[in-house]
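Starting from 1, each residue takes its place in the sequence as its number. First listed ligand is number 1; within each ligand, the first listed atom is number 1.
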Amino acid sequence: MIIPSHHVYATYDTLCDAVATYIYTNIRHGLQKTGTFVLGCATGSTPEGVYERLVQTISKDKPDLSGLSTVNLDEYFPIQRTDPQSYYQFMMKRLWEPLADLSLGFVPDRQADIPRGDAPDPVAECARYEARIRALGGVDLQLLGIGVNGHVGFNEPGSPTDSRTRLVDLTESTIRANSRFYQGDKTKVPRQAITMGIGTILDARELLILASGKNKAPILDKLAALPHAIPDIPASALVGHPHISFFLDQDAAHSV
Ligand code: PGA
């Protein structure tokens with residue numbers, strides 16, 4: 001598949017600088033034009049540096065953030081919001097609290113949402129989450145990482161293109177990859193997650209896929225070599241989105 005719009009940076013740091021600038025420009029533009037902006041956030045190692053720089057830029061420029069909302073791709077299930085490994089805590093530490101601390105009108109309780117890993121009824125939680133995204137008017141810009149197995153969010157290989165937010169089982173490959181956050185102990189990694197579906201992600205007005213490091217080169221090579229989208233590589237379903245860009249560092253880009 002032709003990887004439509006892709007930008008390659010020499011290092012992870014320069015990649016993060018470029019992505020943060022790109023996101024910030026979009027947020028500013030959206031807020032100026034319509035008064036609101038919905039940023040779809042991703043967790044994982046790749047976006048960490050992006051959030052750090054985004055907060056730095058915002059702290060210098062001091063825009064009014066009362067019209068900004070964020071939603072997240074996914075959350076482990078079950079997990080408590082107080083668990084340091086929860087994506088709720090990841091977002092609180094890296095983006096929501098730092099933004100709230102700037103006193104620019106961003107109130108996490110009101111403006112930031114993420115699936116509840118502690119929901120007593122996960123099916124109802126998935127429906128609530130879809131409704132919330134709709135009520136916000138949809139996602140303006142969705143950030144995404146890509147798993148070494150081609151997953152996006154926690155849409156593992158085989159995920160239907162029209163899938164919506166739902167409870168899913170994680171694959172062995174993902175559990176292994178994420179055990180690095182659990183001192184390498186696979187048994188500690190939650191086995192399920194609530195994730196936006198591929199269909200939910202495709203509804204966003206713009207998609208931005210980030211990848212860094214040599215371990216992502218094989219899946220990006222595979223994606224580029226595919227004749228068409230296949231459920232075995234969930235990211236391939238996104239390539240036909242009318243407004244998708246790949247932001248890569250040199251190590252990940254390889255032959256893209
Ligand atoms: P990573 O995760 O940024 O930690 O590599 C990406 C993903 O698995 O979606």
field: Derivation and outcome, ring-ring contact (aromatic ring centres under 6.0 Å, His included), residues F90 and W96
entry: CA-CA 9 Å; F90 176 104; W96 301 337; 9.6 Å; no
Which pairs of nitrogen or oxygen atoms, taken one from ligand 1 and one from the protein, are under 3.5 angstrom apart?
{"residue": "ligand 1", "atom": "3 (O)", "partner": "S45", "partner atom": "N", "Å": "3.4"}
{"residue": "ligand 1", "atom": "3 (O)", "partner": "T46", "partner atom": "N", "Å": "3.0"}
{"residue": "ligand 1", "atom": "3 (O)", "partner": "T46", "partner atom": "OG1", "Å": "2.4"}
{"residue": "ligand 1", "atom": "4 (O)", "partner": "S45", "partner atom": "N", "Å": "2.8"}
{"residue": "ligand 1", "atom": "4 (O)", "partner": "S45", "partner atom": "OG", "Å": "3.4"}
{"residue": "ligand 1", "atom": "4 (O)", "partner": "R180", "partner atom": "NH2", "Å": "2.8"}
{"residue": "ligand 1", "atom": "5 (O)", "partner": "K216", "partner atom": "NZ", "Å": "2.5"}
{"residue": "ligand 1", "atom": "8 (O)", "partner": "H151", "partner atom": "NE2", "Å": "2.7"}
{"residue": "ligand 1", "atom": "9 (O)", "partner": "H151", "partner atom": "NE2", "Å": "3.3"}

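- Distance CZ/F246 to CG/L144: 9.0 Å, rounded to 0.5 Å.
- Of the candidates I230, I233, I209, L223 forms a side chain to side chain contact (heavy atoms under 4.5 Å, CB included) with just one, namely I233.
- Checked by atom type, the side-chain pair D83/Q89 shows no donor-acceptor distance below 3.5 Å.
- Salt bridge present: R28 and D61 bring a charged side-chain N and a carboxylate O closer than 4.0 Å.
- Exactly one residue among I194, L170, T43 makes a side chain to side chain contact (heavy atoms under 4.5 Å, CB included) with Y76. That residue is L170.
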